[in-house]
Each structure stands twice: as structure tokens, then as C-alpha cells.
Amino acid sequence: MSIDLSLLPDGGVGWLDASGKHADIVLSTRIRLARNVEGYAFTARARDGERLRVLSQVREALSSVQELREAVLYRLDELSPTDRALLHERHLVSKELAGLDAQHPLRSGAAVFLSDGLGVMVNEEDHLRLQALRSGFALEEAFAAIDRLDRDLGARVPFSFHAEFGFLTACPTNVGTGMRASVLIHLPGLVHTKEMGRVLAGLQQMGLTYRGLYGEGSEVVGNYFQISNQTTLGRSEEELLDQLLRVVGHVIEREEEARRVLLRDAGYIIEDKLWRAYGTLRYARSLTFDEAMNYLSGVRLAVGLKLVTGLSVYTLNKLLIFSQAAHLAYAEGRPLTESETNLARARYVRKALEEEAGTVG
Amino acid sequence: MLCDSCGERDAVVQLTRIEGGEVKLLHLCERCAAENGVETSVPTPKHPLGDFLQAVQQQAALTSVDGSRCVFCHTTMSDFRATGRWGCARCYTTFEHGMRELLRRVHGSAKHIGKAYRPPQSETIEREAALGELRERLRRAIESEQFELAADLRDRIKVLE
């Protein structure tokens with residue numbers, strides 16, 4: 001039997017609704033806190049029984065935590081590979097938790113609790129990864145939500161905490177606040193004007209780092225970058241967030257400036273290129289994932305520049321998620337080969353664009 | 001002596017258990033002892049002497065076995081070098097010596113100044129655990145239509161809540 005995603009109030013993709021600030025440039029904001037439960041070895045070193053006890057302890061505690069009382073629990077260790085990939089493609093679980101990473105086979109006790117924009121991964125690299133996900137640029141809102149969950153859960157489950165080193169984590173790069181705040185941002189203007197290298201170097205100097213669409217270890221595709229804090233110790237949560245808020249705000253301004261420059265200096269070339277991207281997505285019969293991502297990036301830019309109107313950012317966000325392999329297989333109701341996937345992807349994208357085509361101009 | 005439960009680690013705790021009138025002596029490693037509900041870490045000191053005792057006990061715990069091996073999860077420095085991951089919270093005290101330098105290199109600082117945290121008192125945890133068990137028993141009682149028992153359990157849950 002396949003996973004029932006309709007159990008989730010928003011299908012787990014409320015963060016796609018393009019409602020937050022700067023939603024055409026910033027897709028989503030995510031904050032995660034790494035926590036471990038006192039009394040057990042960290043996940044990788046724990047025995048099966050210990051991991052299952054962590055899960056049941058957290059499950060029990062969450063039943064009296066307001067925000068997650070109604071949460072849906074998915075036991076990754078009982079799901080098929082496609083279903084696990086589906087949750088990963090929705091950015092609801094990490095690759096490691098889903099057991100899709102060759103280095104980290106699926107663990108017993110791997111699970112996730114999901115509710116509106118909030119989640120708790122259990123038995124990831126750390127026992128707990130609390131996360132808040134919001135549409136658009138919404139660091140304050142995401143932090144308020146995750147902080148409340150952290151306090152409520154931490155009052156019921158003892159977290160490993162050290163007066164000097166803070167919250168203790170398996171990887172020393174997460175110790176202290178255990179917080180990674182990240183913003184998924186679309187920066188085609190900076191990439192096309194060849195400014196991106198300088199911006200990325202600047203980020204690193206400011207104690208920030210960047211990754212691809214799926215976080216750690218993932219490649220940058222379709223001009224999507226995840227910008228996040230690099231360090232977690234020696235600065236408070238507020239300072240780390242403030243830094244990210246200011247720098248991302250600045251990056252957004254630079255991106256907007258780059259877009260103006262593109263239009264001014266290469267107006268018709270850009271316009272032609274973006275319409276070609278739209279045309280390809282609208283009519284192609286087979287699309288690889290990278291192709292789809294790159295053309296979608298072009299169309300998103302065209303919408304941002306108001307060259308293309310009548311196409312919503314929400315549709316573009318949905319395409320990004322629903323045109324991935326596991327989602328296509330889920331929609332078709334069967335596993336697909338690579339070439340079948342490419343055909344299904346083109347079909348899906350065509351249909352989605354067709355539905356809004358009447359108003360596109 | 002090896003632990004009677006896992007047979008892997010050194011036994012450091014002697015647990016006397018009375019089961020059905022029979023006295024059993026178990027030798028357990030720290031981790032299995034913790035799993036059996038024996039708290040081996042030192043509780044928060046309640047008076048000034050507590051700090052001193054805690055320091056002495058920690059010192060003893062660290063030196064009683066090979067100092068380069070965590071007493072709780074048996075992670076060694078070479079394990080850490082291979083994986084880049086610590087095995088448990090205790091590793092942070094076991095390897096405290098090089099920890100500050102490591103953290104300074106990673107973060108530019110070795111001092112947490114973010115959110116402070118105090119774990120819940122053990123009574124709270126025990127109450128939560130008891131509540132969990134009662135709720136589970138209530139569920140079973142309802143399933144098996146033992147309504148009198150269910151009503152009784154519901155009352156007990158209310159009291160605890």
C-alpha cells in the first residue's frame with residue numbers, strides 16, 4: 001500500500017503557496033534545530049531498541065504538545081523506497097532519514113511527525129531534528145514557531161545540553177544552538193550577470209554558506225541556492241538570524257538590481273531566451289529533471305520581470321516539486337523507468353502550463 | 001568483567017534485582033545500566049560540596065577506563081576522526097581536552113551563548129511516562145470493552161494531568 005499524503009492538512013506543501021515576502025525570489029524559509037535525548041547514544045551508535053525507545057518517548061511527549069498533538073506520524077522504516085523519496089522530494093525529510101543516501105542505509109526507528117509547517121524528524125543523525133518551514137522570506141515567523149515547539153518538547157523530553165557547549169549534537173558543526181536557518185532563493189539575475197561568484201564569496205566571509213536545492217551535498221540546479229548560517233556556536237539564535245536576515249535582504253536587492261541590468265543591457269536577448277524556455281516547457285515531449293529545472297528557472301525569471309504574465313508563482317513552485325521522479329511515479333501509480341519518467345514529466349508540465357495558458361501573455 | 005547484558009562492554013555497575021523472591025546479581029556496563037533505569041550520571045549538586053564530589057566522580061569515571069574511549073558509547077578518537085561524528089553526549093566530556101580547540105576551529109568560538117536549557121525534572125518525566133502507560137492501558141481496555149477498568153483508568157489519568 002502506498003503512503004497517504006492526504007493525511008497531511010496541507011499535503012505537507014503549504015510552504016509552496018507563494019504567500020510570504022519576496023515569494024517570487026525566495027521560495028521558502030526553513031529553520032531546524034538539532035536535539036538529542038539524554039540517556040541514549042546518538043542515532044548512528046544506538047542500537048535498534050534504543051532508537052525505538054527514543055521514538056516512543058518522543059511520540060508520547062508530542063501527544064501533549066499543542067502544536068504537534070494532531071501531527072501525522074510516518075514511519076520511514078516501514079515505507080517503500082518510492083514513498084520515502086516522495087517525502088524527501090517534498091522537503092519534509094532529509095535524504096539521510098529517508099535512507100536514500102548510499103552512506104546511510106535506512107535505520108529502524110526512522111520516523112517523522114508532520115503538521116502544518118512543522119516537523120520532527122526522529123533518528124536522523126541526531127535523535128531529533130525539529131523543523132519549521134514557511135513560504136517566502138519569513139525567518140521571524142519560522143523561528144517563533146520552532147522556538148515554541150523546542151520549549152514545549154524540551155519540557156517533556158530531556159535534551160542533551162552542556163553549560164559550556166550548548167545543545168550537544170553528533171556532528172560538532174551543529175553543536176551550541178543546534179540551529180540551521182536557511183532560505184531557498186532563486187538567483188538567476190546574479191548568475192546571468194556573472195555576479196554570483198562574488199556574492200557567494202561574500203556570504204562565506206559573513207559566516208554564511210550555501211547549498212543546492214536539497215541542502216547538504218546537493219548540487220546547485222536551476223539557479224536555486226540555499227543560504228544558511230555556517231556556524232552554530234558562539235552566537236545566539238537571534239544574532240545568527242539577524243545576520244542571515246540582513247545578508248539575504250542584501251542579496252535580494254542585488255538580485256533585483258541584476259535583473260534590471262539584464263533587461264536594460266540585453267532586453268530582447270533575455271526576452272527571447274525566456275520565451276524559448278516557456279515554449280520548451282509548454283511543448284516538449286520529454287524532459288530530464290535538470291532540463292525542467294533550468295527552463296523553470298527561466299520562466300520564473302520571466303514572471304519576476306513581468307515579461308510573462310498570467311502564470312502564478314504558486315504554479316511554478318508546484319511544478320518544481322511535482323515534476324520530480326517519485327512524484328511522477330506516485331501520480332502514475334506505478335514505478336517508472338528513466339525514459340518513462342522524462343515522458344511523464346513533460347506531460348505533467350505541459351498540462352500544468354496549459355491550464356493557465358489562456359491568460360499567459 | 002564484561003557486561004552481563006550486552007557482553008560487549010566492561011561492567012561498571014552492580015545491580016541487585018529481586019524477581020519472584022529470587023535475588024539476581026547483574027554486572028552491567030553504563031549503557032545497559034541506563035537502559036535498566038539505573039542513573040549512573042551524577043545528579044545536579046544541591047550544596048557546595050556537591051560540585052567537588054561531582055568533579056571527583058567525573059575524574060574517576062574518566063580515568064577508570066582508557067581515557068581515549070568514551071565510557072558510555074565506546075567511541076574512540078580514531079572513530080571520531082573516521083566519521084567526524086561523536087557517539088553520544090558523554091563524548092563531549094570524555095574528549096573535553098581537545099574539544100575547545102576543535103570547536104574554536106569549526107565555529108571560531110567554544111562557548112555557547114544561545115538559548116539556555118534546563119532539562120525537565122525527573123518527576124515530570126516519570127509523570128509523562130506513567131501517563132503514557134495509563135493511556136495505552138485505557139486504549140486496550142476500551143478495545144476489549146472492559147468499561148469499568150476504562151473508567152478507573154480515565155480517573156487516574158485525570159488526576160495525573
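Chain letters run A, B, ... following the sequence lines, proteins first and then strands; every chain starts at 1.
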- prompt: Any idea which of Pro119(B), Ser109(B), Gly114(B), Gly87(B) has the most non-hydrogen atom pairs under 4.5 angstrom with chain A?
  reply: Gly87(B)

- request: Considering non-hydrogen atoms only, spot the tightest contact between Glu38(A) and Ala89(B) and give its length.
  value: OE1-CB, 4.3 Å

query: With a 4.5 Å heavy-atom cut-off, do Phe165(A) and Met99(B) have their side chains touching?
result: yes

query: Is the number of heavy atoms from other residues, nucleotides or ligands under 6.0 Å of Glu101(B) CD greater than 12?
result: yes

query: Can you tell me if CZ on Arg104(B) sees more than 12 non-hydrogen neighbours from other groups inside 6.0 Å?
result: yes

Atom group of Ile113(B) that falls short of 4.5 Å from chain A, counting heavy atoms: both

- request: Flag the one option from Lys111(B), His112(B), Arg100(B) with the top tally of heavy-atom pairs under 4.5 Å to chain A.
  value: His112(B)

task: Mark yes when over 12 heavy atoms from residues, nucleotides or ligands other than Glu143(B) sit less than 6.0 Å from its CD; otherwise mark no.
output: yes

statement: Turns out that what part of Glu239(A) lies under 4.5 Å from chain B's heavy atoms comes down to side chain

Spacing of SG belonging to Cys73(B) relative to CZ belonging to Phe42(A), to within rounding of 0.5 Å: 8.0 Å

message: Rounded to the nearest 0.5 Å, what separates atom CG in Leu103(B) from atom CD in Glu164(A)?
response: 8.5 Å

field: Min side-chain heavy-atom separation Thr169(A)-Trp86(B) under 4.5 Å
entry: no

query: Val157(A) versus chain B, heavy atoms under 4.5 Å apart: side chain, backbone, both or neither?
result: backbone

field: Sub-4.5 Å side-chain heavy-atom contact between Val106(B) and Thr231(A)
entry: no

query: What part of Ala44(A) is in contact with chain B, defined as an atom under 4.5 angstrom from a non-hydrogen atom: side chain, backbone, both or neither?
result: neither

query: To the nearest 0.5 Å, what is the distance between CZ (Arg45(A)) and SG (Cys91(B))?
result: 7.5 Å

query: With no hydrogens and no angle check, is any side-chain donor or acceptor of Tyr117(B) less than 3.5 Å from a backbone partner on Gly154(A)?
result: yes

statement: Max heavy-atom pairs within cutoff under 4.5 Å with chain B, candidates Gly176(A), Ser160(A), Ser236(A), Pro172(A), goes to Pro172(A)

statement: Heavy-atom nearest pair, His107(B) first then Val175(A), reads NE2-CG1, 4.0 Å

- prompt: Does the side chain to side chain contact (heavy atoms under 4.5 Å, CB included) test come out yes or no for Met179(A) and Lys115(B), once each step is laid out?
  reply: CA-CA 11 Å; Met179(A) 182 179 83; Lys115(B) 192 195 277 190; over 6 Å; no

Heavy-atom pair count under 4.5 Å with chain B, highest-scoring of Gly49(A), Ser63(A), Pro158(A), Ala163(A): Pro158(A)

Arg135(B) side chain near Glu60(A) side chain, heavy-atom distance below 4.5 Å: yes

- request: Could you look at Thr83(B) and say if it's the side chain, the backbone, both or neither that has a heavy atom under 4.5 Å from chain A?
  value: neither

message: With a 4.5 angstrom heavy-atom cut-off, is it the side chain or the backbone of Thr43(A) that approaches chain B, or both, or neither?
response: neither

